[in-house]
Amino acid sequence: MNKEGTVYLAQLNVFGYELTAIGRTEKEARGAIKKVYEEKQDRFGPLDDSGNMRTFSDYAEFAAMNIHEMPFGHVEWL
């Protein structure tokens, strides 16, 4: 449930970029990044140490995906 005036900022470093999404809920922000990850993932990666394709959940844990709860009008030093 979203607290009024709160957004969620999700960040994941992958494909040589910092993917960033904002959502009204943590699930919405995470889902937006997951969608792009799965669309852009190709046969070259990201791969695990055994050369197998990483699932989104596995890569998000491996790369320490960040999701920040942020109130409107408040400065966060990220």
Side-chain angles (χ1 to χ4, degrees):
M1 184 92 179
N2 183 12
K3 299 174 200 168
E4 190 170 327
T6 300
V7 295
Y8 293 83
L9 175 77
Q11 297 175 301
L12 180 65
N13 194 336
V14 64
F15 311 125
Y17 295 92
E18 180 88 24
L19 301 183
T20 304
I22 296 173
R24 291 176 292 268
T25 64
E26 185 175 341
K27 183 178 179 180
E28 183 179 34
R30 181 181 176 85
I33 289 185
K34 179 181 180 185
K35 180 180 177 187
V36 171
Y37 178 92
E38 290 175 347
E39 287 173 357
K40 301 301 179 188
Q41 185 180 38
D42 63 17
R43 62 190 169 122
F44 300 111
L47 304 175
D48 64 18
D49 293 338
S50 300
N52 299 315
M53 193 69 61
R54 286 189 185 270
T55 64
F56 171 76
S57 294
D58 178 56
Y59 188 78
E61 183 178 335
F62 170 78
M65 179 177 175
N66 293 306
I67 301 179
H68 306 279
E69 181 180 332
M70 301 176 63
F72 286 111
H74 182 79
V75 174
E76 293 287 334
W77 292 69
L78 303 175

- [ ] For Leu47, enumerate each residue passing the side chain to side chain contact (heavy atoms under 4.5 Å, CB included) test, keeping only those at least two apart in sequence or located in another chain.
- [x] Met53
Task: Distance (rounded to the nearest 0.5 Å) between Glu26 CD and Thr6 OG1 - done: 12.5 Å
TODO: Kindly compute the distance separating CG (Asp58) from CG (Asn52), expressed to the nearest 0.5 Å.
DONE: 10.0 Å
Open item on the list: The criterion is side chain to side chain contact (heavy atoms under 4.5 Å, CB included); which residues satisfy it with Ala63, sequence neighbours excluded?
Closed with: Leu12, Tyr59
Contacts table for residues 34-41: side-chain donor-acceptor under 3.5 angstrom, sequence neighbours left out:
unit_1	atom_1	unit_2	atom_2	d
Tyr37	OH	Gln41	NE2	3.4
Tyr37	OH	Arg54	O	3.0
Gln41	NE2	Arg54	O	2.7

Open item on the list: Is any side-chain heavy atom of Arg30 closer than 4.5 Å to one of Ser57?
Closed with: yes
TODO: Could you tell me which residues satisfy side chain to side chain contact (heavy atoms under 4.5 Å, CB included) with Glu61, sequence neighbours excluded, listed by chain and number?
DONE: none
- [ ] Would you give the length of the straight line joining atom CD of Glu28 to atom CD1 of Ile22, rounded to the nearest 0.5 angstrom?
- [x] 10.5 Å
Open item on the list: Using the side chain to side chain contact (heavy atoms under 4.5 Å, CB included) criterion, which residues pair with Asp49? Sequence neighbours excluded.
Closed with: none
TODO: Quick one: which residue pairs count as a salt bridge (Lys or Arg N to Asp or Glu O under 4.0 Å) with a foot in residues 12-21, not counting sequence neighbours?
DONE: none
Task: Exercise: identify the closest heavy-atom pair between Met65 and Gln11 - done: CG-O, 3.3 Å
Task: Nearest heavy-atom neighbours spanning Gly23 and Ala29 - done: N-CB, 3.8 Å
